[in-house]
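Note that ligands are numbered from 1 as they come in the structure, with each ligand's atoms numbered from 1 the same way. Position 1 is the first residue of the sequence, and the numbers go up from there. Worth knowing before you read on, the calculation uses all heavy atoms, side chains too, and leaves out hydrogens, waters and symmetry mates.
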Amino acid sequence: MSYLESLFSLKDKVALVTGGGRGIGQVVAVGLARAGAEIVIISRTGADETVRLIEKGEGVPPGKAYSLIADVTDEKSVDKALAEILKRSGSLDIVFNNAGVCIHEDTFEHGVDQFRQVIDINLTGEYIVARAAGKIMKERKIKGSIINMASMSGSIVNVPQWQASYNASKAGIIHLTRSLAVEWAPYGIRVNSLSPGYIATPMSVDTPQELKDAWMPLIPMHRMGNPEELIGAVIYLAADSSGYTNGSDLIVDGAYVCQ
Ligand code: NDP
């Protein structure tokens with residue numbers, strides 16, 4: 001194994017990626033597989049395409065992956081999926097807690113039910129998955145790494161679109177991450193968050209062109225990021241190279257939040 005591989009290898013690790021059927025989750029799942037991890041994806045509608053991409057390899061050795069149907073807001077369905085992972089893969093070392101949704105709406109139009117729905121998926125969903133995975137890691141003495149998907153929206157207020165529920169959910173994730181990092185440090189479980197800026201995925205690419213035009217002057221690099229530009233950050237947080245990085249929020253936003 002080369003020096004670089006020894007720093008960033010995920011060989012013999014089992015990595016759970018929530019929401020890995022498309023978008024950032026799909027691209028990062030493929031990246032984690034190429035770093036050596038066996039990948040398990042959970043989503044509500046399946047992730048056959050991601051599994052196929054990993055198993056195909058394409059210029060790299062084929063990886064191992066499978067997908068399970070689960071809803072991150074449903075504790076029982078998450079517990080069932082995690083039990084299946086232990087049965088099939090024998091461990092759970094890495095969690096990329098990525099599943100999430102965003103609704104752009106003026107707060108006076110955005111009903112309380114919709115606010116609850118966004119908080120339920122983004123914040124409570126990540127809590128349910130992190131808690132269930134953390135329990136397994138503690139019981140089995142696994143020195144695991146949990147990476148919670150936050151967003152720059154957890155630190156700044158995006159304009160010109162209004163998305164108060166999303167921003168609140170992501171701010172909650174950043175502090176949930178710090179809280180779990182401190183609480184679980186004695187067990188050797190690390191918990192960090194990732195805060196991307198605007199990334200070109202189905203969630204953001206299908207937004208109206210005039211909105212994207214309004215974003216560009218606000219992004220110091222004058223472009224959206226690609227999901228591929230998040231792979232290295234997640235591998236770093238998952239691998240032993242980040243062994244002393246705990247409770248951090250890694251911002252990957254083309255310098256947006258610096259302004
Ligand atoms: P996508 O909409 O492309 O993908 C979201 C994924 O989440 C899908 O695979 C979806 O699968 C899954 N998902 C949604 N709800 C649930 C649920 N209840 N249970 C299980 N899985 C669920 O989004 P992105 O790839 O753009 O975003 C991924 C994450 O990155 C989100 O947390 C988002 O907030 C965050 N992010 C995105 C940014 C961007 O610009 N795109 C910027 C910053 C952060 P299914 O529908 O099959 O369940």
Polar-atom distance check: [X] versus ligand 1, any N or O pair below 3.5 Å?
X    : value
Y166 : yes
N98  : yes
M149 : no
I24  : yes
N122 : no
P196 : no
T45  : yes

Do me a favour and list the nearest non-hydrogen protein atom to [atom] with residue, atom name and distance?
atom                    : answer
atom 24 (P) of ligand 1 : T201 OG1, 3.6 Å
atom 1 (P) of ligand 1  : R22 NE, 3.5 Å
atom 20 (C) of ligand 1 : A70 O, 3.5 Å

Check: Q209/D213 side-chain N/O donor and acceptor closer than 3.5 Å: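 Result is yes, a qualifying pair exists.
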S77-D71 side chain donor-acceptor pair, cut-off 3.5 Å: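 Side chains of S77 and D71: no pair found under 3.5 Å.
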Under-4.0 Å heavy-atom contact with ligand 1, by part of K170 that carries it: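 Within the 4.0 Å criterion, K170 contacts ligand 1 through side-chain atoms alone.
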Proximity of D71 to ligand 1 by residue part, where a heavy atom lies under 4.0 Å: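 For D71, the contact with ligand 1 is made by both the backbone and the side chain.
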Closest to atom 22 (C) of ligand 1 (judged by heavy-atom distance), picking from G197, C102, A99, P227: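 Nearest option to atom 22 (C) of ligand 1, by heavy atoms: A99.
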Option of least heavy-atom distance to atom 46 (O) of ligand 1 (set: E126, Q26, M152, R44):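 Shortest heavy-atom distance from atom 46 (O) of ligand 1: R44.
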Per-atom contacts, ligand 1 versus G21 - under 4.0 Å to a heavy atom: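 Counting from 1, the qualifying ligand atoms are 9 (O).
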For I199, atoms of ligand 1 separated by under 4.0 Å from a heavy atom: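 By the 4.0 Å cutoff, the relevant atoms are 39 (C), 40 (O), 41 (N).
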Electrostatic pair E55-K64, nearest N-O below 4.0 angstrom: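 No salt bridge links E55 with K64.
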